[in-house]
Asks: 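Once you've had a glance at the structure underneath, I'll fire off some questions.
Side chains included, hydrogens not; waters and symmetry mates left out as well; all remaining heavy atoms used.
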Amino acid sequence: MAELREIDGLRLTILRGGGARFQAAVTGALGFELPEVPNTVAGCALWLGPDEWLVVSDMDMSEALEAALEGEHRAIVDVSDARAVLELSGADAPDVLASSCRLDLRALESGCCAQTGLARVPLLLEPREGGVWRFYVGRSFAAYTRAWLEDAMALQSISASP
Amino acid sequence: MMRIECPWCGGRDETEFHYGGEAHIMRPENPDALSDEAWADYLFMRANPKGVHAERWMHAQGCRRWFNVLRHTVSHEVVAVYPMGTPRPDLPETGA
Amino acid sequence: MTGPRRLPNGGRIDRSRVLSFCFDGRRYTGYPGDTLASALLANGVRLVGRSFKYHRPRGVMTAGAEEPNALVLLEPGRFAEPNLRATEIELYDGLVAESVNRWPSLRVDLGAAAGLASGLFVAGFYYKTFMWPPSWWNRVYAPVIRRMAGLARAPSEPDPELYEHRHVHCDILVVGAGPAGIAAAHAAAASGAHVILADERPRPGGTLLDGPAWVGDEEGAAWAERMLAEMSAQVLPRSTAFGYYDHNFVALAERLTEGLSPAERGGRPRQRVWHIRARRVALATGAHERPLVFPGNDRPGVMLAGAVSAYIHRYAVLPGGRAVFLAGDDSVYAAAREFARHGGEVAALVDLRTDSAAEANGLLVLRGAVPLRTFGRGAVTGIEVEVNGTRRRIACDMVAMGGGWNPAVHLFSQSRGTLRWDDESRMFVPGLSAQAERSVGAAGGRFDLEGCIAQGAEAGVTFACELGFEASALSATPAAPAAQPGVLPVPPKSQDKAFVDFQNDVTAADVALARREGMQSVEHLKRWTTLGMATDQGKTSNINGLALMATGLGRPPAEVGHTTFRPPYTPVTFGALAGRHVGALADPVCRTPMQDWHETAGAVFEPVGQWLRARYYPQLGENMREAVARECRAVREGAGILDASTLGKIDIRGSDAAEFLNRIYVNGWKTLGVGRCRYGLMLGEDGMVFDDGVTTRIGEHRYLMTTTSGNAAAVLEWLETWLQTEWPTLRVYCTSVTEQWGTITVSGPQARALVEPLVEDIDLDPAAFPFMSMREGWIGGAPGRIFRIAFTGELSYELNLPWRQALPVWQRLVEAGAVPYGTEAMHVLRAEKGFIVVGHETDGTVTPVDLGMERMVSSRKDFIGRRSLARPDCLRPDRKQLVGLLPEDPLEVLQEGAQILEAPRAAAPVPMLGHVTSSYWSAAMERGFALALVRGGRSRHGDQVWASATTGDSLVRIVDPVFYDPEGTRLDG
Amino acid sequence: MARYSILSLARNALTGHRDWPKLWRSPEPRPAYEVLVIGGGGHGLATAYYLAKEHGVTDVAVVEKGWLAGGNIARNTTIIRSNYLWDESAALYEHALKLWEGLSHELNFNVMLRQRGVLNLAHTEHDVRESIRRVNANRLNGVDAEWLDAAGVKAFCPPINISPDVRYPVLGATLQRRGGVARHDAVAWGYARGADARGVDIIQHCEVTGIRQVRGRIAGVETNRGFIGANKVALVAAGHSSMLADMAGLRLPVESHPLQAMVSEPLKPVLDCVVMSNAVHVYISQSDKGELVLGAGIDAFNSYGQRGGLHVLEDQLAALMQLFPAFSRVRMLRSWGGIVDVCPDASPIISKTPIEGLYINCGWGTGGFKATPTSGWTFAHTIARDAPHPLNAPFALDRFISGALVDEHGAAAVAH
Ligand SMILES: Cc1cc2nc3c(=O)[nH]c(=O)nc-3n(C[C@H](O)[C@H](O)[C@H](O)COP(=O)(O)OP(=O)(O)OC[C@H]3O[C@@H](n4cnc5c(N)ncnc54)[C@H](O)[C@@H]3O)c2cc1C
Ligand SMILES: NC(=O)c1ccc[n+]([C@@H]2O[C@H](COP(=O)([O-])OP(=O)(O)OC[C@H]3O[C@@H](n4cnc5c(N)ncnc54)[C@H](O)[C@@H]3O)[C@@H](O)[C@H]2O)c1
Ligand SMILES: Cc1cc2nc3c(=O)[nH]c(=O)nc-3n(C[C@H](O)[C@H](O)[C@H](O)COP(=O)(O)O)c2cc1C
Ligand SMILES: [Zn+2]
């Protein structure tokens, strides 16, 4: 069994920058330290690159960040619309994912995240508590990604049936 | 299909990467000062060795960072991964 | 009982159910657990196929993946599968199969006439003939050759079934679930490692199921079952590892519906391709038995000895009544004993050697014998052998042969491991590994059961330890018993055909002929004779072929070498490799916020990159030209709206952003004011135009770049590449915001009137909001931006709205009277203005100077591609340059891609001056017009030339490429 | 050279085929040759053949590091066509096609040229435009070319799917009727036999390990079988060109990539023409033996491994499923890879070099099989006369300096 749903209402912000001052200022604004370990999540920030994070929150963080980072070399870019958020859950979710995802899913647990490809679509994968797999995927690709996953779910349930 | 070690994300399948060809080809400081031959050398001429090749890869579906790789062009063995801007590391002779 | 040759008991079949099946129109019965081959043999069917070239009658020769003869077309019709091996098809009720490569029937095959002329049709004969008269080759010979060739008919209907993929990582992959593989998986899994054990067959056990086997005092099959029950490995039956690729990547094809009739499959995916990345791989793929090469060795009824034992034990089928066993190694004795024990009559055990000590259990043994020929019309009725100089003819209905064993080193070799010829055992065995892998059991050249198991377990433990799991040490693998090498073939003396490659009809004489003609390398032998190129890929023939060549050359096999093992190990279905990337899921489709709307509106779409863009919106009764003309008029006379959401958008930030743009674009960026827009052109380092678009300075150190729709990802990567590799010190960040902003272009004299009601805080007055500038504000209740840029030449507002809020604004604009126009009208409108489109006016060979944009090209700075523009070829005055064209017949619309000629077409070759890059009907001018690249065109305005198209040649006049409103008076509405 | 004919075949059948002569000798290398050709692939052998036949230069050796014709000539998908966009290429490939048309007789060796027609499919408006552009250019250059709409494609190639409901529908295609396929190995063997008969020494298992120059002039080559002197050395080593050029201190605008191909199990005739698609990236034909022969694009990275990744084949088959859904249940029998030498402009180099006595022929990338006859013909001319023939003059090394590239990427579809 697996289930797929779309999550609405999250604010997504790309944050770019680096260095101690930057880190400190971000910590001040967000209340937690940005994850420095690649492919991990801290607070509400997901690691995307050595100087790049995705901040996921209920409210717009960009003003606070802009204010805190005044004078720093940084980028704060709202991508709330640019990416759709999907969540796949259920016992079959890993098998559904394995229909196209080439990551070692065994190595992924909550607290991690990974950018990768699924069915030729680039996306960001975040395993969450309770066996939930969250995807952040380019908005224009969302329909295709859903269709792919729904197809994989259907095949999975047929194969699983005796 | 190869597995390539992204210096940030670790080993990922080749399909996540874009290949960038030979590494360490510096864009000339002052192109105008170059002869047509020298410019052609920069633009087109490549080492293309059979053996260990210094090359660039970008983790396109991942962290989107470029990095350098030493890879054997026959065995496809990846013998070193190192950051952009650092010189090619010395290697003990590999028999691969 | 299902067939006269079925034994009353035994076998791993389910006798509780009788299955009925049909072969070549005749009905037979069998049991679950049978293969098509075993069921046919049980029914006494011996003729099952015809060979490729001579159409010789053939029977089942093996019991597995190496079968060269028994090929069938399974389920003619929608579920057709060509060229399957009957030895691998699991029987199901209602199965229908046909033999292949025969006409009109298997028994009476006219193609067998080729066999009569086989004296001519030796290896390589094609190359020596069919050349006279020359015209006959294409008309007569080749079509006949083609009709004769090929095995089964190709399927002709779309595939009703589905295939899927799975990607997994594991610690240890074990290929082959015979004793060695089971032992390896068991030992490895016990350590807690994640182990996958795959076997191509439906049931694990390997050769343990083929004959009597004891592991200690446990019966072999029971041992296998117990071990499997005990271990926590993931077991994949019916899964063939078909390719071993770089970095321990192994691909498997799993057959999910094997043994089920089409009706029983219930929409289940038919096959699944596993992509396994394993940290360690154990190859326990067993060995293939080597046929003997002697005249008449291809008659139906001649089988491999191991297969005879397998048919008895797996399927309770005694494939013959009275048999001659031809032994090239000791394992044939065991098969003969089994045959006799199960009621078969062993007419003789003919040993080609003189020195075997194998136990014959009272069977008649003829030592030092040479098989001379076989007899029989449909199937074998006897064999002649020579023993000590005397010839003996022995009547029989089956000949079981075995020349020794070839380790199944296919995957090992694919992994780039090097093979070693072992003189003692006379076989190629795995030598140096190239990857994290080990061959164990028969695949590694080990043939004693105890040794196979010990070797497997040792590999399992070693792997587990290497990977950091705790595994208990085992007792060491016992020393291998003395090698019992089989025999290698020697060239037979007789004229009768002695087959080496059964499917492709390559005989020992062909090998000798190839040698005499100089085709002495095994690779030449293969390509000259097609040895090893059939659907079995030489599993039974390669070693015999190279051994014959070695003997002929008087060189050791090690020197002669082997041909290359290539994936797949056994054939893999195309559809399975394609997986779910078919039909609607073939390739991602990118959708804009207005995509649903376009679909509802009946738009015709065109692929642009991964997008499907609305090309035009035909209204009732309109053809494309009418629709596009209407859309164009709407823009020129009223207002149109275009969904431009597909344009690439890149947010560029940082204190060095202007410097960065300066290096990327041909033109200068340092003077652009905040809120202003500028058109930019970027080149490859070779000086050729790569992309273009408008970039806007939206803040002190912040720009928004737009790119062409198809190039968005490439441009972002281009920017990142330069930043990361050449200019890491530039303080610039680039972020894609393509899908953040839905983009609606409102264009036409009425544009302002349409936009005005939507905006709350932006003054649209041209004085306050001039051309090539940008304003931020609220649009239709959403925070957005408006750009005054115009690809149509009309007053235009390009609205950027948050993606999810774009559709309502679009709908409001439509309701207010804006006419949606598609990419085709957009192209017409921009071409009227002489604006280029990358991909129309450029093809990777066009510089900005060619496009007449030399004034844009800054001389005060360096930029990517600049130096290339100074190369001699880029300075030629006769380069092709962008011009406009007007057909002398105003009603004519030139063909895009028409070539420009000085004079009407003459005899080829005709010098060409250039070509039409874009051509349309202009509703505004009420005439056809075009853009073109023409040699030295800029200095030729006014000249008449010809446009030469597939549809004919037309007289055209070269003009300035700006056709419409050259002064730009319409920009402000 | 013993001539092949129906009679000779019948005569030999009577004597049990005992008396066929060797196709070529296996001579020991002599100390020196006038011309030494490095590379016993199709192009090297054709070069030697035409040196002897057209220019009377018979003091020639071809040295091959492995078995004769085991490089790309042994592993290509055998597509032959001449419908290239630019005048320079069209002239070159059309000359080749004309030679192909008489080759079996010229060589007295049936190379099994089958002119079944080559379709280059168009799937987007862009493809359509560029296809028509090429058709027009071809016709004006005297190359046969037609533009077919989707219905025309279906009529010419019945098994193809032209439904508009697929992701990349077939909008039309260019057709070159004279295009087709040939038996790749036979081409090399035929040239080898012809060259050998004219006195050329073909030396297999002889690997060049160094190129000796004396005072800026070629003196000969070092090989694993010793030094062989030569007045002129011709590099025709396809995927290994950079390696050899490097031995002479030359850098080339060439990179070596894997290019993969595959065959299906043999089937009764089902596809009578060659179908190529750039946009969805696959090309297919059916051989005389009945296999479907398929290829795709190169693997992205540099390699001398003669193998590539499975994903390339998977993508290619997914593309095929759009074009030929009925082939879904056909099975892949064998896949393999070659090493293709790719130039930045997807055009070859047939050229003198800055080193006196050294000539180079390379950069054919994914598409040199079809050019084999002319590649050899023009190269022989260049070597014998020490000057290019007008046909290959545009394909000199110095075009990379002047910028006069012959860019066949943009419009000429997949360059096979
Ligand atoms: C999978 C694939 C599909 C293709 N499909 C097509 C197609 O459909 N149509 C088409 O026109 N073209 C096609 N090609 C391209 C075509 O095969 C090549 O362009 C052409 O064969 C190259 O010329 P060649 O035959 O001389 O090369 P090769 O056969 O590669 O000859 C070069 C020879 O040089 C030898 N050599 C290298 N180094 C040394 C040394 N140091 N000393 C001695 N000898 C050396 C090599 O061993 C080799 O035999 C394809 C290529 C591949 C790989
Ligand atoms: N000369 C002899 O006496 C002789 C000869 C042959 C075998 N044997 C006996 O055979 C046994 C060898 O055991 P083993 O475990 O090495 O081999 P095995 O033959 O018992 O098992 C190999 C298994 O691997 C499977 N396989 C092969 N290739 C595969 C692939 N690519 N993908 C998936 N599955 C694949 C086979 O179908 C088989 O089930 C021993 O018992 C030995 O005594 C003896
Ligand atoms: C046009 C063509 C057709 C081929 N047909 C077959 C075939 O029917 N069976 C086969 O096993 N291999 C076939 N091959 C592939 C060869 O076996 C071999 O893989 C190829 O020549 C590359 O050599 P290698 O695999 O030894 O490296 C074919 C190759 C080509 C180029
Ligand atoms: Zn990464």
Side-chain angles (χ1 to χ4, degrees), chain C residues 81-83 119-120 122 126-131 142 145-146 149-151 153-159 243 245 251 513 517-518 521 523 527 535 566-568 571-575 577-578 581-582 586-587 606-607 839 843-845 871-874 896-899 908-910 912 915 948 950, chain D residues 4 6 9 13 17 20 22-24 67 70 104-105 109-110 114-115 124-126 129 132-133 135-137 140-142 147 167-168 185-186 265-270 288-290 309-310 313-314 317-318 321-322 325-336 402-404 407 409-411:
Chain C
E81 243 193 300
N83 300 337
L120 285 178
V122 289
Y126 292 100
Y127 311 121
K128 297 172 181 163
T129 182
F130 301 126
M131 290 184 275
I145 293 173
R146 242 166 101 59
L151 293 168
R153 295 189 309 275
S156 57
E157 292 176 61
D159 195 335
Y245 297 89
L513 175 59
E517 295 198 77
S521 135
E523 299 288 3
R527 288 163 176 84
T535 65
R566 293 277 193 184
V572 184
T573 307
F574 280 2
L577 290 165
H581 279 291
V582 292
D587 199 37
E606 66 167 327
D843 61 2
T845 70
R871 293 175 302 172
D873 195 67
C874 293
E896 289 185 339
Q899 296 286 337
V910 187
M912 287 166 260
H915 74 285
S948 178
T950 56
Chain D
Y4 293 148
I6 299 170
L9 203 62
H17 299 281
W20 289 111
K22 286 205 173 13
L23 285 127
W24 48 79
W67 42 284
S104 292
H105 285 88
F109 201 85
N110 194 343
R114 289 278 276 125
Q115 294 176 289
T124 64
E125 294 307 321
H126 177 266
R129 214 164 40 240
I132 291 179
R133 174 186 179 194
V135 166
N136 285 321
L140 292 160
N141 271 322
W147 167 251
R167 182 68 179 86
Y168 298 102
D185 296 317
E265 297 179 298
L267 301 164
K268 290 296 174 207
V270 58
D288 282 335
K289 253 175 70 210
L310 177 64
L313 303 183
E314 290 181 335
L317 287 169
M321 293 305 101
Q322 299 201 28
F327 293 166
S328 172
R329 299 172 82 87
V330 172
R331 303 193 296 174
M332 166 168 90
L333 170 63
R334 185 177 175 98
S335 63
W336 64 92
S402 70
D407 192 332
H409 281 124

Asks: Do you know which of E896(C), H915(C), H581(C) has the most heavy-atom pairs with chain D at a distance under 4.5 angstrom?
Replies: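 Top count of heavy-atom pairs under 4.5 Å with chain D: H915(C).
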Asks: To the nearest 0.5 Å, what is the distance between CZ (R566(C)) and CH2 (W336(D))?
Replies: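 Going from the CZ atom of R566(C) to the CH2 atom of W336(D) covers 9.0 Å.
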Asks: Quick check for you: among V270(D), T124(D), V135(D), D185(D), which has the greatest number of heavy-atom pairs under 4.5 Å with chain C?
Replies: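 Heavy-atom pair counts peak at D185(D).
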Asks: Measure the CZ-CG distance between F574(C) and L313(D) for me, rounded to the nearest 0.5 Å.
Replies: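 Result: 10.0 Å between the selected atoms.
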Asks: With a 4.5 Å cut-off on heavy-atom pairs, point out which of P325(D), G142(D), S335(D) contacts chain C the most.
Replies: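 Max contact count across the listed options: S335(D).
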Asks: Roughly how far apart are E81(C) CD and R331(D) CZ, rounded to 0.5 Å?
Replies: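 The CZ atom of R331(D) is 6.0 Å from CD of E81(C), to the nearest 0.5 Å.
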Asks: Determine, step by step, whether R114(D) and R146(C) satisfy the side-chain contact (heavy atoms from CB on, under 4.5 Å) criterion, reporting the C-alpha distance in whole Å, the side-chain angles of both residues, the deciding distance to 0.1 Å, and the verdict.
Replies: CA-CA 11 Å; R114(D) 289 278 276 125; R146(C) 242 166 101 59; 3.1 Å; yes
Asks: Checking T129(C) against chain D: side chain, backbone, both or neither under 4.5 Å from a heavy atom?
Replies: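 T129(C) touches chain D through backbone and side-chain heavy atoms alike.
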Asks: Rounded to the nearest 0.5 Å, what's the gap from CG on L151(C) to NZ on K268(D)? Could you check?
Replies: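 Spacing of CG (L151(C)) from NZ (K268(D)) equals 6.5 Å.
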Asks: When only pairs under 4.5 Å are counted, which of D159(C), T845(C), T950(C), V910(C) shares the most heavy-atom pairs with chain D?
Replies: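 Top count of heavy-atom pairs under 4.5 Å with chain D: D159(C).
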Asks: Between R871(C) and S402(D), what is the shortest heavy-atom contact and its length?
Replies: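 Where R871(C) meets S402(D) most closely, the heavy atoms are CB-O, 3.4 Å.
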Asks: Please identify, among A13(D), G290(D), P269(D), the residue contributing the most non-hydrogen atom pairs under 4.5 Å to chain C.
Replies: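 Of A13(D), G290(D), P269(D), P269(D) has the most heavy-atom pairs under 4.5 Å with chain C.
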Asks: If we only count heavy atoms from C-beta on, is the N141(D) to M912(C) side-chain gap below 4.5 Å?
Replies: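 Yes, side chains in contact.
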Asks: Can you tell me which portion of Y245(C) sits under 4.5 Å from chain D's heavy atoms? Options are side chain, backbone, both or neither.
Replies: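 It is the side chain, since no backbone atom gets that close.
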Asks: Find the one option among P909(C), A154(C), P568(C) whose heavy-atom pairs under 4.5 Å with chain D are most numerous.
Replies: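 The residue among P909(C), A154(C), P568(C) with the greatest pair count is P568(C).
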Asks: Any idea which of R334(D), M321(D), H105(D) has the most non-hydrogen atom pairs under 4.5 angstrom with chain C?
Replies: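 Of the candidates given, the most pairs with chain C belong to R334(D).
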Asks: At a heavy-atom separation under 4.5 Å, does Q899(C) approach chain D through its side chain, its backbone, both, or neither?
Replies: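 When you check distances to chain D, atoms from both the backbone and side chain of Q899(C) fall under 4.5 Å.
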Asks: Rounded to the nearest 0.5 Å, what separates atom CD in E517(C) from atom NE2 in H17(D)?
Replies: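 Those atoms lie 9.0 Å apart.
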Asks: Are the side chains of V330(D) and N83(C) in contact, using a 4.5 Å heavy-atom criterion?
Replies: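 No - every pair of side-chain heavy atoms lies 4.5 Å or more apart.
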Asks: Which value, rounded to the nearest 0.5 Å, describes the distance between L9(D) atom CG and F130(C) atom CZ?
Replies: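 The CZ atom of F130(C) is 8.5 Å from CG of L9(D), to the nearest 0.5 Å.
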Asks: Looking at chain D, which one of S521(C), A908(C), P567(C) has the largest number of heavy-atom pairs inside 4.5 Å, strictly under?
Replies: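 The residue among S521(C), A908(C), P567(C) with the greatest pair count is P567(C).
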Asks: Any idea which heavy atoms bring Y127(C) and Y4(D) closest together, and the distance?
Replies: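 Closest approach of Y127(C) to Y4(D), heavy atoms only: O-CD1, 4.3 Å.
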Asks: Is M332(D) close to chain C through its backbone or its side chain, or both, or neither, when contacts mean heavy atoms under 4.5 Å?
Replies: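 Looking at M332(D), backbone and side chain both touch chain C.
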Asks: Among the options A586(C), P82(C), G844(C), pick out the one with the most heavy-atom pairs lying under 4.5 Å from chain D.
Replies: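 Answer, by heavy-atom pair count under 4.5 Å with chain D: P82(C).
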Asks: Non-hydrogen atoms of chain C under 4.5 Å away: do they reach the side chain of E314(D), the backbone, both or neither?
Replies: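 Both parts, heavy atoms under 4.5 Å.
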Asks: What option among P571(C), G518(C), A578(C), G575(C) has the most heavy-atom pairs under 4.5 Å with chain D?
Replies: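 Between P571(C), G518(C), A578(C), G575(C), the count favours P571(C).
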Asks: Indicate yes or no: at least one non-hydrogen side-chain atom of L310(D) is less than 4.5 angstrom from one of L577(C).
Replies: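 When only atoms from C-beta onward are counted, L577(C) and L310(D) do touch, with a gap below 4.5 Å.
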